[in-house]
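Take a look at the structure set out below.
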Amino acid sequence: MNLGERVKTPMPDTAGTVITEHSVLYADFGFEQLSEAIMGEEAWGLVFSGSNILMLEDQQQNLASFEEYSGPGQPPDCKLLPDSSLPPRGYKAGWRGTMLVRGRVRHVVLYRKAAP
């Protein structure tokens, strides 16, 4: 897999098969850039489901996973923040994990905009 490449992987689940797409999110991105990159992928009818750190082209990178979004429209906007941050007003905590942010391993939370 190369930087910026998107790959589809069929993953079996109890209801059948879920198609998971993977996309590389650059390790030198900041929180805002990572949030925008995630929402950019979600514009294709996907929803972020997690991320892992991997070696790619002799560098650590974030490999983000996305699944098909089953809701109406697109997933609600998101904000990726350090896990030590307070939730932004009007957002709810979602995925928690580790990602490379500006080249450093950080514990992060992906917050989703709550329905009004």
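Just so it is clear, the structure is predicted and the values come from calculations on it, not from any experiment.
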Nearest heavy-atom neighbours spanning Pro87 and Tyr111:
CB-CE2, 3.5 Å
Between Arg102 and Gln33, is there a side-chain heavy-atom distance shorter than 4.5 Å?
yes
How many angstroms lie between CH2 in Trp44 and CD in Gln74, if you round to the nearest 0.5 Å?
11.0 Å
Determine whether His22 and Thr20 satisfy the following criterion, side-chain contact (heavy atoms from CB on, under 4.5 Å), listing intermediate values before the conclusion.
CA-CA 7 Å; His22 301 282; Thr20 301; 3.7 Å; yes
Say you draw a straight line from CD1 of Ile38 to OG of Ser23; how long is it, rounded to the nearest 0.5 Å?
10.0 Å
Using a 4.5 Å cut-off on heavy atoms from C-beta on, say whether the side chain of Leu81 contacts that of Val109.
no
Under the salt bridge (Lys or Arg N to Asp or Glu O under 4.0 Å) test, which residues partner Arg112, sequence neighbours left out?
Glu42
Given side-chain contact (heavy atoms from CB on, under 4.5 Å), test Leu34 with Tyr26 step by step and report yes or no.
CA-CA 8 Å; Leu34 287 166; Tyr26 294 105; over 6 Å; no
Let me see the working for Glu67 and Leu46 under side-chain contact (heavy atoms from CB on, under 4.5 Å), right down to the final yes or no.
CA-CA 5 Å; Glu67 295 176 358; Leu46 304 170; over 6 Å; no
Report whether Tyr69 and Leu110 are members of the same hydrophobic cluster (ILVMFWY, side-chain heavy atoms less than 4.5 Å apart, transitive linking).
no
Pairwise side-chain contact, Met39 with Cys78, heavy-atom cut-off 4.5 Å (strictly under):
yes
Let me see the working for Met99 and Leu25 under side-chain contact (heavy atoms from CB on, under 4.5 Å), right down to the final yes or no.
CA-CA 9 Å; Met99 293 182 79; Leu25 304 179; 4.0 Å; yes
Membership question, hydrophobic clusters at under 4.5 Å side-chain separation (ILVMFWY): are Val47 and Phe66 in the same one?
no
Where the side chain of Ser49 meets the backbone of Ser65, is there a donor-acceptor pair that is under 3.5 Å apart?
yes
Which pairs pass side chain to side chain donor-acceptor pair (under 3.5 Å) with one or both residues in residues 77-97, sequence neighbours excluded?
none
ILVMFWY cluster, Phe48 and Val101 together (side-chain gap under 4.5 Å)
yes
Residues which pass side chain to side chain contact (heavy atoms under 4.5 Å, CB included) with Ile53, listed by chain and number, not counting sequence neighbours:
Gln60, Asn62, Thr98, Leu100, Val105
So, do Pro82 and His107 sit near enough that their side-chain heavy atoms are less than 4.5 Å apart?
no
One should read off an interatomic distance between Phe29 CZ and Gln61 CD, to the nearest 0.5 angstrom, of 9.0 Å
